[in-house]
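Before any comments, here is the structure.
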Amino acid sequence: MPITLFNSIASWLLKKRFHQIELFLKYPEEVQEEVLLQLLEFAEDTEIGRTYDFDSIGSYADFKERLPIVSYEEIQPIIERTRKGEQNLFWPTKVKLFAKSSGTTDAKSKFIPVSGEALEDCHYKSSKDLLCLYLNNNENSQLFTGKSLRLGGSKELYEDNGSLFGDLSAILIDNMPLWAEYSSTPSNKVSLMSEWESKLMAIIHESVQENVTSLAGVPSWMLVLMNKVLEETGNENLFQVWENLEVYFHGGVNFSPYKEQYKKILPNSNFRYYEIYNASEGFFAIQDRNGADDLLLMLDYGIFYEFIPMDVYGALNEEAIALWDVELGVNYAIVITTNSGLWRYRIGDTVRFTSKSPYRIKVTGRTKHHINVFGEELIIENAEEALKIACAKTGAEIIDYTAGPVFMVGKEKGAHEWIMEFRTLPQDFSAFVEIFDNALKSLNSDYEAKRLNNITLNSPLVHIARENLFYDWLKLNDKLGGQHKIPRLSNKRDYLEELLRINK
């Protein structure tokens, strides 16, 4: 099929979907209630459906009263039974695909079920919607005159007892519809290569000859690839390699620490950045406006959402609320019920609503990735905004960072200890630390209170990481590429101690 004809057909189909999106924008509560009741009806004859008598649940209130909120550890036994061949336990259709979670370097892996319904009605539907929203906002786009350079699938799929597992990106690539494969580079064979450094060169070899119009992948790893492209081609910016580049679709980690570095290799004020929010458990939100810093919550993907205010998360009075009861500006932990058979499942992410008409969110961090040893409740959103401020005022550029607590010993006060790898060191390092500390105070009143006159917390202790420290650490842990991320904040010192040992 000629590329111009493909472009015209694809654009027409994607824009047609926008009318369906308008339905949940206009009737969000009704759409979410319908999703919940359809999930319950579909799964009423499963083991879990019979246990909780799904057939008699007729409202959200019934659902909330009947089913407990669960963590992965609590549902791991039933997932393991399915991985070994049992079916119809938590979802009625056959589940043979499992996304092996790899968000951080935690030793314990999670195997998240991915049903056929989730592949089609969530993951692939969301990919089309991302393009739909982008094209709706950019009518002169020439996106489909070229290809999308995708970066994912750091490991091939592995078979175990008749089930398959691997990175979510590997599952998506392996089951990719023809239209998506046709418009992407590199080939599936290269995308699923296991060894990261060989894979980098193979991607470059295949892709530099293509007319690449968009990029898609996790910011940290895409930046590594892009810099390698420039190194191998001898060019100064990416438009010298791909003159028709127009947009970068990104997700997985906060983009703020990387944006200035991207602007240097993509020096065009018309270049677009579009953020997505997805995970092994599902695809949740898409940036729906040019230049926006919040994301539209997608309500018709077979996912029912609930939210736990973080001020009661894990407490005896913890309670989840439905979408229609959320408030703006409150930090919530997400609970999801999905078309892969996850029922009231904590995914471990936190969000804050910026709008209720329509429902838009900002991802603020992880329930486990924060520092709250001294009552300071420091979250990733605080850290990355403070780093942005400190970098802007001192001319610094951050590549990666992590932080943990310095515990009180005897009469010694506590502190936060940071390891930061810089692309460009601050002009005055002491000033950088002071500005960073003051920015954290301005962004987080609990942190400010603990820092007042060093009452509980001393000034942050910041180490400058050697070049490639985080890259080498991920390599040592067999975590290069794909969806692997540096754990930013922790209440423990495990990551910190490992990194300090090899920071030589």
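We count residues from 1, following the sequence as given.
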If only atom types and distance count, is the side chain of W343 paired as donor or acceptor with the main-chain N or O of F90 below 3.5 Å? yes
Would you find more than 12 non-hydrogen atoms of other residues, nucleotides or ligands less than 6.0 Å from K356 atom NZ? yes
Shortest non-hydrogen contact from I171 to G166? CD1-O, 4.1 Å
Do any N or O atoms from the side chain of E246 and from the backbone of S141 form a donor-acceptor pair under 3.5 angstrom? no
Is the backbone N or O of L89 less than 3.5 Å from a side-chain atom of E47, with the two atoms forming a donor-acceptor pair by type? no
Main-chain N/O of L133 paired to N137 side chain as donor or acceptor, under 3.5 Å: yes
I need the single residue from T82, L164, L168 that forms a side chain to side chain contact (heavy atoms under 4.5 Å, CB included) with F98. Which is it? T82
Would you say that more than 12 heavy atoms from the other residues, nucleotides or ligands in this model lie under 6.0 Å from the CG of N140, or not? no
Looking at E206 and K147, is any side-chain nitrogen of the basic one under 4.0 Å from a carboxylate oxygen of the acidic one? no
Looking at A320, is its backbone amide N or carbonyl O close enough to the side chain of K64 to form a donor-acceptor pair, meaning the two atoms are under 3.5 Å apart? yes
Do I69 and R346 come close enough that some side-chain heavy atom pair is under 4.5 Å? yes
Taking only residues two or more places apart in sequence, or in another chain, which ones meet F24 in a ring-ring contact (aromatic ring centres under 6.0 Å, His included)? none
Side chain to side chain contact (heavy atoms under 4.5 Å, CB included), that's the test. Do D446 and N372 meet it? Break it down for me. CA-CA 10 Å; D446 292 323; N372 193 32; over 6 Å; no
As a quick check of understanding, evaluate side chain to side chain contact (heavy atoms under 4.5 Å, CB included) for E319 and V312, giving each step before the final call. CA-CA 7 Å; E319 183 180 3; V312 297; 5.8 Å; no
Which heavy atom in P113 sits nearest to a heavy atom in I79, and how many Å separate them? CD-CD1, 3.9 Å
Is there a donor-acceptor contact under 3.5 Å from the side chain of S214 to the main chain of V247? no
Strictly distance-based, threshold 3.5 Å: is any side-chain N or O of N444 a donor or acceptor partner for the main-chain N or O of L440? no
Answer whether the closest heavy-atom distance between the side chains of I379 and T350 falls below 4.5 Å. no
For a 4.5 angstrom cut-off between non-hydrogen side-chain atoms, does L151 reach V218? no
Any side-chain heavy atom of Y258 sitting closer than 4.5 Å to one from M222? no
Contact between F304 and E306 at the side-chain level, heavy atoms closer than 4.5 Å - yes or no? yes
Donor-acceptor pair, distance only, cut-off 3.5 Å: does the side chain of E210 make one with the backbone of S207? no
Y332 side chain near I361 side chain, heavy-atom distance below 4.5 Å: no
Minimal non-hydrogen separation, F407 against P405, with atom names: CZ-CG, 3.5 Å
Does R272 make a cation-pi contact with Y134, if we ask for NZ or CZ under 6.0 Å from the ring centre and within 45° of the axis? no
Nearest heavy-atom neighbours spanning S184 and R150: CB-NH1, 3.2 Å
Under 4.5 Å between any side-chain heavy atoms of I57 and D53, yes or no? no
For L37 and S59, the nearest pair of non-hydrogen atoms, with its separation, is CD2-N, 4.3 Å
For E74 and S71, which heavy atoms make the closest approach, and how far apart are they? OE1-N, 2.7 Å
We want to know whether Q76 and E80 form a side-chain donor-acceptor pair, criterion being a heavy-atom distance below 3.5 angstrom. no
Look at the side chain of D300 and the backbone N and O of I21, then say whether any donor-acceptor pair between them is shorter than 3.5 Å. no
Residues forming a ring-ring contact (aromatic ring centres under 6.0 Å, His included) with Y248, sequence neighbours excluded: H250, F255, Y262
Look at the side chain of R488 and the backbone N and O of A403, then say whether any donor-acceptor pair between them is shorter than 3.5 Å. no
So with a 6.0 Å cut-off around CD of E327, is the heavy-atom count from everything else above 12? no
Set out, in order, the CA-CA distance, both residues' side-chain angles and the distance that settles side chain to side chain contact (heavy atoms under 4.5 Å, CB included) for I371 and N491, then state yes or no. CA-CA 5 Å; I371 306 179; N491 275 332; 4.0 Å; yes
What I'd like to find out is whether the side chain of D129 reaches to under 4.5 Å of the side chain of F283, using heavy atoms alone. no
I want to know whether Y305 and Y359 have ring centres closer than 6.0 Å. no
Salt bridge (Lys or Arg N to Asp or Glu O under 4.0 Å) evaluation trace for R289 with D294: CA-CA 9 Å; R289 298 169 295 168; D294 53 7; 2.5 Å; yes
Cation over ring, R344 on F63, under 6.0 Å and within 45°? yes
Let me see the working for W91 and I48 under side chain to side chain contact (heavy atoms under 4.5 Å, CB included), right down to the final yes or no. CA-CA 8 Å; W91 193 245; I48 197 167; over 6 Å; no
